[in-house]
Amino acid sequence: MLQQMEKILVIGSREHAQRAVDVLYRTGTLHLTDVTDHLSAEEIRLRKWDSEIREKMAGLLVKIGGVLLTLPDIKGQESRWREMYEELYWRETSDIIEEASSIVSTLEERIRELSTRKTDCELRIKAYDRYQKTIEKIRPLEEQLPSLEGFEVTVLLIQTEFADLIPLIEHELYRITRNQCEMVSAEIDEDTIAAITVFNKRFSDEVHSFIFTKNVNEVRLPQEYMGKPFEEVLELIERGRRACREEQDEIEQTLRSLSEKWYLKLSVMKHVLSDKLQEIEVFSNFGQTDYVFAITGWVPARSLEKTKKAISRKFGNRVVIADLVLSGEDLEQAPSLYANPWIVRPFEFFMQLVRPPLYTEIDPSPLLAFFFPLFFGLMVGDIGYGLVILGIALVVKKRYADQGWVQSVMNVMIISSVPTMFFGFMYGEFFGDFGEKMGWLHPVHLFGISLNRIEAILPLLILSIGLGVLHVMLGLVLGIINARHMKHRKHMAEKAGMLAVIAGGILMLASLAGVLPSVPVFAGAIVLVAGLPLIVYGAGAIGLLEIMGTVGNILSYSRLMAIGMASVILAMVANELGGTLEILLLGVIVAALLHSLNIVLAMFSPSLHSIRLHVVECYSKFYEGGGTPYHPFQRVKEG
Amino acid sequence: MPDIGQSLGAAIAIAFGALSTGWAQSRIGSAGAGTIAEKPELIGAAIILEAIPETMVILGFVVAAMILML
């Protein structure tokens with residue numbers, strides 16, 4: 001069932017407007033509506049709330065995020081976080097923005113400079129590592145290099161598979177440098193050949209341009225390393241790397257000290273401004289004059305007192321909550337919030353498959369909570385399967401305790417395992433016919449009929465169709481009640497007519513079959529015929545075609561028998577196969593595998609068909625949906 | 001033991017039901033997959049629509065079972 005809703009108007013002096021919004025946001029019970037829906041321009045000329053600071057706030061949040069990303073996170077300050085949040089939240093938004101802007105502008109420049117230096121150091125260390133690697137590789141070639149002034153050295157790294165290109169490159173370099181060039185190459189590992197090239201500095205630009213256009217990997221040593229022995233170069237590299245690391249440590253230290261001073265405050269400011277921004281997003285719903293503000297919305301009846309107390313505690317009687325008198329039109333706009341007992345609540349998850357109910361119509365979730373387990377139990381109908389499904393549901397529920405939808409689905413499975421075991425007892429099934437073969441149980445006899453699913457096809461088919469008649473007729477009755485609430489006379493007539501047609505048809509069939517010998521056939525025919533003009537009045541002549549649709553809906557319930565039979569036949573096949581194998585262990589394994597497959601199918605297929613029977617066959621008789629789900633104005637939890 | 005007529009009748013009942021269900025569900029399934037890729041919130045409706053044609057094979061199975069066992 002749905003929670004009763006009350007519509008309220010929050011009205012007060014304009015100076016308290018922002019604070020009132022903060023209180024409502026923190027209380028988190030009000031589903032906002034546009035104030036102009038209730039207060040027309042003739043009653044009070046309201047302006048919309050504007051927020052010039054929205055863009056400023058959004059920009060500031062981006063800047064704070066950037067600063068926080070660069071500063072290292074300081075642990076051990078969590079206890080002060082809450083206190084600082086409460087203190088900041090209740091300050092004026094403009095004060096918070098001013099302070100945050102001031103801190104960010106102070107830190108931004110400093111952090112940018114430190115960040116640039118840090119990146120620079122990292123790049124230099126990477127370059128040093130590359131030089132060191134290359135120098136170490138080509139060290140054995142050092143003696144072969146000429147030591148001439150006015151010459152430049154560069155190292156080309158060429159993959160072994162392209163070794164054929166080296167003579168071509170050499171030839172081209174000779175041409176460019178007019179033979180003032182020397183190249184020495186050697187394999188430095190199984191994949192790479194290093195070619196040390198010495199050439200006249202005059203041709204430096206052309207040589208490097210040529211190497212660049214040919215996409216050859218080049219390691220250019222810095223000028224300060226030219227002409228020096230490799231040993232000395234390695235020492236210089238190590239010294240440079242050490243200096244960079246010292247500079248990095250110094251930068252980290254500075255960032256840490258900035259973080260210790262500002263991280264907590266900025267982090268809290270970010271959350272506060274983020275919450276304030278969420279509040280601002282809904283400002284278009286509010287109204288104001290020069291002296292007062294007005295906010296309207298829906299509150300669950302059970303939360304109305306809490307909301308009123310929160311406002312009166314903060315403002316006394318300077319801000320007032322008025323309960324609004326509701327018209328039928330207002331009620332149609334009310335949001336829907338489920339208020340079901342614990343046993344129905346897991347089935348609300350399946351209600352997400354359809355649109356939320358209108359506030360004025362009957363909530364179908366209790367219907368689902370009763371019939372879903374019944375249909376599930378009828379289809380699966382096995383004590384062993386019921387126990388396994390219960391076990392799996394309990395284990396999965398424990399394993400995924402933080403996932404709401406998993407909890408709902410597993411609770412549905414736990415509830416459905418009970419009728420599964422009950423019908424399993426009635427059918428005499430424990431892992432198919434295994435229990436019966438072992439002599440542990442037998443199908444129950446009811447009205448002279450053995451409830452063995454293989455033998456009692458026709459009785460079970462009649463039971464399934466009978467359940468279908470009951471379910472569809474219940475849907476039609478609910479449709480009549482809904483139509484009465486909404487004062488739709490024609491819909492009422494149509495559904496009453498359909499009910500009469502089905503009832504009349506059942507009476508005729510029962511009379512002809514001898515089930516109700518005292519009822520004459522024409523009595524059923526009268527009831528049937530009486531329903532026809534009601535259908536024509538309610539839905540026109542075309543509504544008569546709907547009778548066939550309804551008959552089809554009822555026949556659809558034969559799946560309760562069919563799916564159950566498929567399940568038990570598969571279980572019997574599993575037992576037969578397991579039994580025919582001569583090795584016991586192998587037989588048990590094969591049977592267990594087939595039963596496992598059947599259990600997985602049993603969890604999925606009967607669920608899907610039970611839901612389908614509700615949504616398509618039953619709900620189509622009374623359910624409109626299209627309601628607004630209840631979304632209170634509150635902090636949206638980050639993922 | 002069912003005679004050849006019963007066996008043939010049962011086979012036809014289930015075969016045509018299964019074929020038509022398979023054909024319908026293949027079309028619905030591929031359309032549903034495309035829909036869910038663009039609008040994941042419609043997964044519930046897609047699953048329900050996918051399950052609707054199963055009535056055909058189930059009724060075919062019921063008829064076949066009735067032919068063979070009654």
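Every chain is numbered from 1 and lettered A, B, ... according to where its sequence line falls, protein lines coming before strand lines.
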Report the distance from atom CE of B:Met66 to atom OG of A:Ser558, rounding to the nearest 0.5 Å.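 It is 10.0 Å, given to the nearest 0.5 Å.
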Which one, A:His609, A:Met561, A:Gln352, leads in non-hydrogen pairs under 4.5 Å with chain B?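 Most heavy-atom pairs within the cutoff with chain B belong to A:His609.
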Return yes when atom [atom1] of [X] has more than 12 non-hydrogen atoms of other residues, nucleotides or ligands closer than 6.0 Å, and no otherwise.
{"X": "B:Lys39", "atom1": "NZ", "result": "no"}
{"X": "A:Gln403", "atom1": "CD", "result": "yes"}
{"X": "B:Glu38", "atom1": "CD", "result": "no"}

If every non-hydrogen atom of A:Leu555 is compared with every non-hydrogen atom of B:Leu59, which pair is closest and at what distance?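 Smallest interatomic distance, heavy atoms only, reads O-CD2, 3.8 Å.
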Side chain to side chain contact (heavy atoms under 4.5 Å, CB included) between B:Ile47 and A:Arg612, intermediate numbers included: CA-CA 9 Å; B:Ile47 290 173; A:Arg612 176 250 147 85; over 6 Å; no
Residue part contacting chain A, namely of B:Ile43, when any heavy atom lies under 4.5 Å: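 When you check distances to chain A, no heavy atom of B:Ile43 falls under 4.5 Å.
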